[in-house]
Protein chains: 2
Amino acid sequence: MTEAALRPQSLSEPIEDTAVTRSLSVTDRIRTAVLSGEFEPGTRLHEVRLSERLGVSRTPIRSALQSLASEGMLDYTPNRGYSVRRFSTSEIVDAYEIRAVMEALAARFAAERGLPEAERAAIERVLAEGDVILANAELGEDERLAYSAVNATFHEAIHSAARCRMLGDMIRVCHSVPHSSHRNVISFEHMDVRRRHDDHHRIYDAILACDAYRAEMLMREHVASVKTSLVRALSGRPLSRRGR
Amino acid sequence: MTEAALRPQSLSEPIEDTAVTRSLSVTDRIRTAVLSGEFEPGTRLHEVRLSERLGVSRTPIRSALQSLASEGMLDYTPNRGYSVRRFSTSEIVDAYEIRAVMEALAARFAAERGLPEAERAAIERVLAEGDVILANAELGEDERLAYSAVNATFHEAIHSAARCRMLGDMIRVCHSVPHSSHRNVISFEHMDVRRRHDDHHRIYDAILACDAYRAEMLMREHVASVKTSLVRALSGRPLSRRGR
DNA sequence: GAGGCTTTACTTGTATACATTATCGCTTGA
DNA sequence: TCAAGCGATAATGTATACAAGTAAAGCCTC
């Protein structure tokens with residue numbers, strides 16, 4: 001994969017044709033733009049304006065918007081077009097709950113089906129890396145970012161070990177919800193991170209021991225606890241004025 | 001809603017323009033055709049052929065195929081097109097497992113959030129209808145179809161009572177898997193149907209009592225037990241030669 | 001005859017023109 | 001003054017022509 005494919009392009013630059021089709025590269029760029037908050041929730045995405053900004057015709061734009069709407073990131077109304085989906089606080093919280101049961105099921109599948117060698121190695125590596133990072137008394141910005149990557153890799157390895165395409169697809173959809181991604185450990189306290197890293201160790205042990213029930217239960221609590229932290233953090237400063 | 005919108009059109013008839021857009025009506029018709037088994041799994045869906053059969057241009061066809069692929073019903077390869085997704089036996093079984101945790105979460109949300117009046121009435125109605133149908137010692141074809149509708153309405157009422165769009169979307173995706181729809185109670189034994197109807201009563205009681213844990217647990221077992229019946233029924237005659 | 005290259009038919013990807021629908025301001029009448 | 005209706009404008013929906021990619025047949029070479 002080329003470097004250009006890894007680095008998302010700004011919406012202002014013209015398209016670089018590294019992806020297989022224009023539709024796919026446009027999809028990635030609009031997705032990145034929405035996730036990074038470049039468009040306010042509720043903003044309408046006009047096909048012609050986007051096509052002018054990206055230097056492609058409306059055809060790949062329409063295709064991209066349709067994809068992103070089916071990922072749950074945009075709203076669509078026939079004959080009216082697409083707009084950036086607005087997530088209420090309760091929807092964000094619900095997304096954690098959904099993610100919790102899905103990831104718990106993935107952990108259970110992994111325990112039932114056995115951990116493939118590649119995933120076992122990946123998990124052991126990131127568990128060790130996490131141990132090193134958390135040996136520090138305090139976490140700087142670099143350490144937090146590094147741990148965020150470690151966390152993401154741990155979870156992805158388990159999704160992959162579940163060997164279930166539909167489950168993987170659904171978990172991916174959960175990540176189009178703002179504040180609901182694996183990379184959001186950054187925002188919480190040091191003790192929370194320690195505890196979650198310990199969860200990772202236990203989940204790995206349960207999967208290795210083929211203890212499906214324990215793996216599922218631990219993973220569910222692991223993800224759901226992030227929801228609790230989020231609710232606690234939000235209680236002072238509401239995230240959305242439209243929350244229920 | 002007009003009658004024409006309710007009755008799916010055959011793929012041979014030309015489009016009747018009752019839906020909002022051609023793309024949407026084409027999507028419904030291809031979805032129905034695939035679910036009814038009109039196309040073998042693995043069959044490629046050529047854009048021009050479909051557009052000739054349906055009497056529309058390639059544009060709405062492409063849009064429809066993209067939608068159905070994102071629902072998980074078709075496979076897509078860039079520059080190669082769409083084909084009917086082939087589900088292995090294990091994928092079908094996994095889909096029940098996924099549906100079980102999702103519907104269980106829906107039941108829990110319904111219990112936590114309280115049953116709106118409309119859903120409460122709908123559930124009581126179908127519970128009573130089910131009681132009447134199952135009063136017969138034996139079930140004829142008509143009774144089975146009637147109970148199938150009752151079953152579907154019960155589950156849909158709970159999805160709606162969960163008041164969570166993302167959850168509803170995901171449960172809908174589960175129904176694009178063959179043999180994984182609410183309407184499949186037909187294929188099982190009378191005693192199984194009785195037991196499942198009793199489950200419905202208990203789930204309703206738990207939700208009314210705001211017993212979130214019990215509602216979730218009962219619903220999970222309720223859906224997962226269908227998986228067990230399916231596996232048992234399949235053990236003699238394998239459904240797919242590609243099952244794991 | 002086997003393997004690889006070239007060509008050709010066919011399919012999908014993209015651009016663009018046209019059709020249809022929604023929106024919003026204006027006019028007109030009560 | 002307000003409401004309803006009309007029309008202009010601008011957006012999305014659809015059709016179609018062309019570009020680009022894929023796959024399979026045929027040819028050539030070894």
Side-chain angles (χ1 to χ4, degrees), chain A residues 1-2 4-5 9 11 13-31 34 39-40 42-70 73-85, chain B residues 1-2 4-5 9 11 13-31 34 39-40 42-70 73-85:
Chain A
M1 196 184 278
T2 70
Q9 296 179 281
L11 267 192
E13 313 173 33
I15 287 275
E16 257 180 59
D17 258 332
T18 57
V20 195
T21 67
R22 292 207 217 301
S23 296
L24 293 174
S25 66
V26 165
T27 305
D28 283 342
R29 287 178 60 180
I30 301 181
R31 185 193 294 110
V34 171
F39 299 106
E40 286 291 303
T43 307
R44 271 193 59 185
L45 297 181
H46 297 268
E47 298 175 0
V48 270
R49 294 184 204 169
L50 282 173
S51 76
E52 283 161 4
R53 264 175 89 168
L54 295 177
V56 299
S57 78
R58 278 177 59 213
T59 308
I61 300 283
R62 283 177 66 81
S63 165
L65 293 176
Q66 193 185 331
S67 288
L68 297 174
S70 71
M73 181 177 300
L74 305 179
D75 280 322
Y76 169 69
T77 313
N79 288 317
R80 293 214 30 203
Y82 298 85
S83 56
V84 178
R85 176 158 167 194
Chain B
M1 191 185 282
T2 70
Q9 296 180 282
L11 266 191
E13 313 173 34
I15 286 275
E16 257 181 58
D17 257 333
T18 56
V20 195
T21 67
R22 291 208 218 301
S23 296
L24 293 175
S25 65
V26 166
T27 305
D28 283 342
R29 287 178 59 182
I30 302 181
R31 184 192 295 110
V34 171
F39 299 106
E40 285 292 303
T43 307
R44 273 192 59 185
L45 297 181
H46 296 267
E47 299 175 0
V48 270
R49 292 185 207 167
L50 282 173
S51 75
E52 283 162 3
R53 262 174 90 168
L54 295 177
V56 299
S57 79
R58 276 176 59 215
T59 307
I61 299 283
R62 283 176 66 81
S63 166
L65 293 177
Q66 193 184 331
S67 288
L68 297 174
S70 72
M73 181 177 301
L74 305 180
D75 280 323
Y76 169 69
T77 312
N79 288 315
R80 292 214 29 203
Y82 298 85
S83 57
V84 178
R85 177 160 166 191

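Owing to the predicted nature of the structure, the values given are computational and were not obtained by experimental measurement. Each chain gets a letter, A, B and so on, in the order its sequence line appears, and its residues count up from 1.
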S.K.: Between R58(A) and V48(A), which heavy-atom pair has the shortest distance, and what is it?
M.R.: CD-CG1, 3.9 Å
S.K.: Specify the separation, in whole Å, of atom CZ of R62(A) and atom P of dA17(C).
M.R.: 17 Å
S.K.: Atom OG of S23(B) and atom CG of D28(B): how far apart are they, to the nearest 0.5 Å?
M.R.: 11.0 Å
S.K.: For S23(A), report the nucleic acid contact type (base, sugar-phosphate, nothing); a contact means any heavy atom under 4.0 Å.
M.R.: sugar-phosphate
S.K.: Please give, in whole Å, the distance from dT12(D) P to L65(A) CG?
M.R.: 9 Å
S.K.: Looking at side-chain heavy atoms only, is the closest gap between L68(B) and V34(B) below 4.5 Å?
M.R.: no
S.K.: So which protein nitrogen or oxygen atoms get under 3.5 Å of nucleotides 23-25 of chain D's nitrogens or oxygens?
M.R.:
unit_1: dA23(D); atom_1: OP1; unit_2: R80(B); atom_2: NE; d: 3.1
unit_1: dA23(D); atom_1: OP1; unit_2: R80(B); atom_2: NH1; d: 3.1

S.K.: Look for any protein N or O under 3.5 Å of an N or O in nucleotides 5-10 of chain D and output each such pair with its distance, or none.
M.R.:
none

S.K.: In whole angstrom, what separates N79(B)'s CG from dC10(C)'s C1'?
M.R.: 13 Å
S.K.: Tell me, do Q66(B) and Y76(B) make a side-chain contact under 4.5 Å, heavy atoms counted?
M.R.: no
S.K.: Distance from R31(B) atom CZ to M73(B) atom CE, nearest 0.5 Å?
M.R.: 6.0 Å
S.K.: Under 4.0 Å, heavy atoms only, any strand: does L45(A) hit a base, just the sugar-phosphate, or nothing?
M.R.: sugar-phosphate
S.K.: Using whole Å, report how far CG of L54(B) lies from P of dG13(D).
M.R.: 19 Å
S.K.: Could you write out each protein N or O paired with an N or O of nucleotides 15-20 of chain D at a distance under 3.5 Å?
M.R.:
unit_1: dA15(D); atom_1: OP1; unit_2: R22(B); atom_2: NE; d: 3.2
unit_1: dA15(D); atom_1: OP2; unit_2: S57(B); atom_2: N; d: 2.8
unit_1: dA15(D); atom_1: OP2; unit_2: S57(B); atom_2: OG; d: 2.6
unit_1: dA15(D); atom_1: O5'; unit_2: S57(B); atom_2: OG; d: 3.4
unit_1: dA15(D); atom_1: N7; unit_2: T59(B); atom_2: OG1; d: 2.6

S.K.: Return yes if some donor-acceptor pair links the side-chain N/O of E47(A) with the main-chain N/O of I61(A) below 3.5 Å, else return no.
M.R.: no
S.K.: Side chain of R44(B), backbone of R80(B): donor and acceptor closer than 3.5 Å?
M.R.: yes
S.K.: Locate the shortest heavy-atom distance separating R53(A) from F39(A); write the atom from each residue and the value.
M.R.: NH1-CE2, 4.0 Å
S.K.: Could you state the CD1-C1' distance from I61(B) to dG13(D), rounded to the nearest angstrom?
M.R.: 14 Å
S.K.: What heavy-atom pair brings P60(B) and V26(B) nearest, and what distance separates the two atoms?
M.R.: O-CG1, 4.3 Å
S.K.: Nearest 0.5 Å, please: how far is OH in Y82(A) from CG in L50(A)?
M.R.: 12.0 Å
S.K.: Looking only at side-chain N and O atoms, does Y76(B) come under 4.0 Å of OP1 or OP2 in dG13(C)?
M.R.: yes
S.K.: CZ/R62(B) to OG/S67(B) distance, rounded to the nearest 0.5 angstrom?
M.R.: 12.5 Å
